[in-house]
Amino acid sequence: MESGDYQIARYGYVPLYPDPYPLFQIFTTEGTENFTGWSNPKYDQLVERAKVEVDPRKRDNLFMEAEDVLLGDAPIIPVFYYNSVYLIDSKVSGWFSDLMDRHPFKFLDYLQEIN
């Protein structure tokens with residue numbers, strides 16, 4: 001895939017921390033994992049501006065604009081989104097939703113009834 005010798009390929013990415021920048025950075029012209037060979041100066045500019053924007057709303061809007069450019073040019077076809085489903089006993093405490101889908105067991109407890 002790195003050589004660009006393919007017609008279609010599967011690529012997956014799981015971020016290390018809950019921020020959209022690393023995923024968007026992949027598809028910039030200089031992105032080290034941009035195996036598509038795609039390049040768009042407008043996309044690069046939007047991602048770079050989002051990288052340094054401190055206002056969360058403005059930053060989100062820049063990422064949404066960049067996403068529109070990326071999906072409009074279509075160098076990728078998103079076909080799958082990772083997800084998880086859990087069935088948690090109501091007696092378990094300390095379980096909470098987490099954007100990174102990480103649930104350290106050291107914070108969980110099983111509430112037992114005392115008779």
Side-chain angles (χ1 to χ4, degrees):
M1 198 164 76
E2 289 181 37
S3 72
D5 186 22
Y6 63 90
Q7 290 182 346
I8 192 165
R10 182 204 179 272
Y11 181 82
Y13 180 81
V14 178
L16 298 175
Y17 51 92
D19 186 78
Y21 174 75
L23 183 60
F24 280 89
Q25 189 276 332
I26 288 173
F27 299 105
T28 60
T29 301
E30 301 299 321
T32 58
E33 295 181 65
N34 183 0
F35 305 128
T36 66
W38 175 75
S39 177
N40 184 308
K42 182 177 180 181
Y43 177 86
D44 292 350
Q45 179 189 38
L46 289 165
V47 172
E48 188 59 31
R49 286 175 52 204
K51 177 183 174 183
V52 298
E53 178 57 60
V54 294
D55 181 300
R57 279 198 169 144
K58 289 180 182 176
R59 189 169 191 259
D60 286 347
N61 286 334
L62 289 166
F63 281 132
M64 286 189 282
E65 283 185 63
E67 182 178 52
D68 287 345
V69 172
L70 177 66
L71 296 178
D73 284 2
I76 61 169
I77 306 168
V79 294
F80 180 80
Y81 296 91
Y82 293 106
N83 60 63
S84 300
V85 177
Y86 298 96
L87 180 61
I88 308 298
D89 190 307
S90 62
K91 294 179 183 175
V92 172
S93 69
W95 182 273
F96 56 92
S97 295
D98 177 88
L99 289 174
M100 300 301 294
D101 198 26
R102 295 184 181 139
H103 310 281
F105 289 110
K106 68 181 180 179
F107 298 120
L108 301 181
D109 196 13
Y110 190 75
L111 307 174
Q112 298 181 21
E113 293 181 27
I114 300 174
N115 293 333

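As the structure is a prediction and not an experimental result, all values here were calculated from the model.
Within 6.0 Å of atom CD1 in I77, 12 or fewer heavy atoms from other residues, nucleotides or ligands are found, so the atom counts as exposed in its surroundings.
A salt bridge links D19 to R59: at least one charged side-chain nitrogen sits closer than 4.0 Å to a carboxylate oxygen.
In this structure, CG on D55 lies 9.0 Å from CG on N61, to the nearest 0.5 angstrom. The line from CG of L62 to CZ of F24 is 10.0 Å long, rounded to the nearest 0.5 Å. Rounding to the nearest 0.5 Å places CD of E2 at 9.5 Å from OG1 of T32. Atom-to-atom distance recorded for F35:CZ and D5:CG is 14.0 Å, nearest 0.5 angstrom. Between the OG1 atom in T29 and the CD atom in Q45 there is a gap of 12.0 Å [rounded to 0.5 Å]. Here T28 contributes atom OG1 and K51 contributes atom NZ; the two are 9.0 Å apart, rounded to the nearest 0.5 Å.
Contact of the Y86 side chain with the D101 side chain is registered, since non-hydrogen atoms from C-beta on lie closer than 4.5 Å. At a threshold of 4.5 Å between non-hydrogen side-chain atoms, the residues S39 and N34 do not count as touching.
The aromatic rings of F63 and Y21 are tilted relative to each other, their planes meeting at an angle between 30° and 60°.
Linking Ile, Leu, Val, Met, Phe, Trp and Tyr whenever their side-chain heavy atoms come within less than 4.5 Å puts Y11 and I76 in one cluster. No single ILVMFWY cluster, assembled from side-chain heavy atoms under 4.5 Å apart, contains both V14 and M1. The hydrophobic clustering, which links ILVMFWY residues whose side-chain heavy atoms are closer than 4.5 Å, places I26 and Y6 together. Both Y110 and F105 are members of a single hydrophobic cluster when ILVMFWY side chains are connected at heavy-atom separations under 4.5 Å. Under the 4.5 Å side-chain heavy-atom criterion for Ile, Leu, Val, Met, Phe, Trp and Tyr, L23 and L70 are members of the same hydrophobic cluster.
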